[in-house]
Structure formats: C-alpha cells, structure tokens
Amino acid sequence: MEQQSFQELREDLCRVCALLYQRGYVASNDGNVSVRAGEGQILVTPSGVSKGRLTPDMLVLCDLEGRVLEGNRHPSSETPMHLLLYRERPDVGAVVHAHPAAATAFAACRRPLDVPYLTEVVSGLGPIPVAPYALPSTPEVPESIRPFVRDHKGVLLANHGVLTVGADLEQAYWRMETVEHTAQIHLNARLLGGGVALSAQEVEELQK
C-alpha cells in the first residue's frame with residue numbers, strides 16, 4: 001500500500017471513530033475499530049483512548065496473528081475478535097464495535113433484532129442475532145461470535161455491545177447506524193403495543 005493511501009486510511013479510521021463518539025455510540029474509552037491495511041495486516045484502535053480524540057499516529061498496525069508491526073501503543077484488548085472476522089471472512093474489510101444505547105439494551109436483554117418489521121433492514125442488513133455472553137478481553141469473545149460470522153452483517157454481544165462488519169470502513173459504520181436505528185424502532189413498536197411483522201412471503205420477495 002502506498003504511503004499516501006495508507007495515511008488516508010488512518011485518517012478515515014479516525015473519522016469513523018469521531019462519528020461513533022459524536023453519535024453517542026461510544027462513551028469514554030469504549031469501542032474499537034479496525035480496517036484491513038494491505039496483505040495480512042490491519043490497523044486497529046489502541047487501548048485506553050477516547051474515540052473522540054483519536055489521531056492517526058495513535059493507531060496500531062498488526063498482522064492477522066495480533067503481532068504489533070508498527071505503533072507505540074497497545075492495540076485494543078478486543079483485537080482477537082476483529083482478527084477472527086478477518087480470518088473467517090475474506091470479504092470483510094473493516095470491523096466496528098460500539099455500545100449504542102438502544103441496541104446494547106437489546107444485547108443486555110439478550111433479545112435479537114430478528115423480527116422483520118422494516119423492508120430496508122430485511123433487504124439490506126438481515127437479522128442481527130445475539131452471541132452468548134463472554135468475558136470481555138478474553139478468548140471467549142471471538143469464540144462466542146464464531147457461529148455467526150459467516151452469515152450475518154452484525155451481531156449483538158450479550159451484556160456488552162454491538163459488532164458490525166463491512167467491505168470498508170464506511171459500510172461497517174453505516175451498518176452500526178442501521179442496527180441502532182432498528183433497535184430504536186423495535187423499542188417504539190413495543191411501546192405502541194407491538195409491530196406488525198412482514199409475512200414470510202413478503203420477506204422472500206424482498207430478498208429476491
């Protein structure tokens with residue numbers, strides 16, 4: 001990867017982190033984001049830094065085994081979760097983990113976002129399952145999401161937060177926005193007495 005485009009990738013990752021912070025999807029030093037940065041390498045956010053004040057020089061370059069190749073900070077403790085996705089999904093170019101309030105409430109209740117209320121979600125995002133609880137920053141976390149990584153664009157982490165993937169940083173971020181927006185609509189539908197789900201035939205037509 002050329003130096004200029006590599007620097008642009010660093011800047012893009014910081015912009016996504018700033019958006020997460022501005023939207024209230026992370027607080028304090030929460031969350032982590034990564035992106036592929038050439039063959040067998042990723043850029044990942046460091047531990048202990050607010051996503052609202054991240055700068056390109058703070059990012060850490062790792063290989064797909066988690067070894068630090070460049071950077072003077074510790075990579076996020078959740079990096080193994082990201083690495084699993086990159087190893088299992090060659091089509092994934094970026095991973096976003098955050099704690100948006102509504103979707104994380106569903107994760108705390110261990111309720112998936114899988115009722116087909118919204119046409120755009122059915123056709124563009126698909127169901128969002130809940131991974132079993134795993135102690136953060138341990139090998140249990142990547143193992144908890146392993147059953148879902150092949151067939152889903154996002155997953156709720158029980159009592160923890162939300163994980164989304166994309167072909168690039170922009171898509172992974174927009175999917176995080178969509179998951180949170182969907183969770184808010186599900187909550188409102190429940191307040192109104194329950195939404196009306198699309199039928200199996202309507203879902204099939206959308207998926208075609």
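Position 1 is the first residue of the sequence, and the numbers go up from there.
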Any chain of hydrophobic side-chain contacts (each under 4.5 Å) joining [X] to [Y]?
X: Leu61; Y: Val68; value: no
X: Val92; Y: Val44; value: yes
X: Leu163; Y: Val26; value: no
X: Val149; Y: Val141; value: yes
X: Leu169; Y: Leu59; value: yes

With a 3.5 Å distance limit and no angle check, can you tell me whether [X] reaches the backbone of [Y] through a side-chain donor-acceptor pair?
X: Asp114; Y: Pro127; answer: no
X: Arg10; Y: Asp57; answer: no
X: His74; Y: Pro46; answer: no
X: Arg87; Y: Leu64; answer: yes
X: Thr104; Y: Ala107; answer: no
X: Arg89; Y: Val165; answer: no
X: Lys51; Y: Cys14; answer: no
X: Glu88; Y: Leu84; answer: no

Check whether any side-chain heavy atom of [X] sits under 4.5 Å from a side-chain heavy atom of [Y], and report yes or no.
X: Cys62; Y: Gln41; value: no
X: Gln207; Y: Ser123; value: no
X: Asn32; Y: Met81; value: yes
X: Val60; Y: Glu70; value: no
X: Val95; Y: Tyr86; value: yes

Distance from [X] atom [atom1] to [Y] atom [atom2], nearest 0.5 Å?
X: Trp174; Y: Thr164; atom1: CH2; atom2: OG1; value: 12.0 Å
X: Ile42; Y: Leu9; atom1: CD1; atom2: CG; value: 11.0 Å
X: Leu43; Y: Phe6; atom1: CG; atom2: CZ; value: 4.5 Å
X: Leu157; Y: Glu78; atom1: CG; atom2: CD; value: 8.0 Å
X: Arg15; Y: Leu20; atom1: CZ; atom2: CG; value: 13.5 Å
X: Leu54; Y: Leu13; atom1: CG; atom2: CG; value: 7.0 Å

Considering all heavy atoms of both residues, which atom of [X] and which atom of [Y] are nearest to each other, and what is their separation?
X: Pro132; Y: Ala158; value: C-CB, 4.0 Å
X: Leu198; Y: Leu206; value: CD1-CD1, 3.7 Å
X: Val179; Y: Ala103; value: CG1-CB, 3.9 Å
X: Cys17; Y: Thr45; value: SG-CG2, 3.6 Å
X: Ala131; Y: Val155; value: N-CG2, 3.8 Å
X: Pro100; Y: Met176; value: CG-SD, 3.9 Å

Q.
Test: side chain to side chain donor-acceptor pair (under 3.5 Å). Region: residues 176-189. Which pairs qualify, not counting sequence neighbours?
A. Arg23-Glu177, Tyr173-Glu177, Glu180-Gln184
Q | Audit row: Asp168, Val35, side-chain contact (heavy atoms from CB on, under 4.5 Å) steps and yes/no | A | CA-CA 7 Å; Asp168 53 30; Val35 63; over 6 Å; no
Q: May I have the step-by-step check of side-chain contact (heavy atoms from CB on, under 4.5 Å) for Met58 and Arg53, ending in yes or no?
A: CA-CA 10 Å; Met58 295 179 181; Arg53 68 177 187 87; 3.9 Å; yes
Q) Between Asp30 and Ser28, is any side-chain donor less than 3.5 angstrom from a side-chain acceptor? A) no
(Q) Apply side-chain hydrogen bond (donor to acceptor under 3.5 Å, both in side chains) to residues Glu8 and Ser5 and explain how you reach the verdict. (A) CA-CA 5 Å; Glu8 288 172 352; Ser5 60; 5.7 Å; no
Q: Evaluate whether atom OH of Tyr21 has more than 12 neighbouring non-hydrogen atoms of other residues, nucleotides or ligands under 6.0 angstrom away.
A: no
Q) Ring centres of His97 and His82 under 6.0 Å apart? A) no
Q.
Please give the remaining members of the hydrophobic cluster of Leu135, linking ILVMFWY side chains under 4.5 Å, ordered by chain and number.
A. Tyr133
Q | Stepwise side-chain contact (heavy atoms from CB on, under 4.5 Å) check, Leu118 with Ile185 | A | CA-CA 9 Å; Leu118 307 170; Ile185 290 170; 3.7 Å; yes
Q: Check step by step if side-chain contact (heavy atoms from CB on, under 4.5 Å) holds for Phe106 and Leu187.
A: CA-CA 9 Å; Phe106 275 84; Leu187 284 172; 3.6 Å; yes
Q) Are Glu140 and Arg146 ion-paired here, with the side-chain N under 4.0 Å from a carboxylate O? A) no
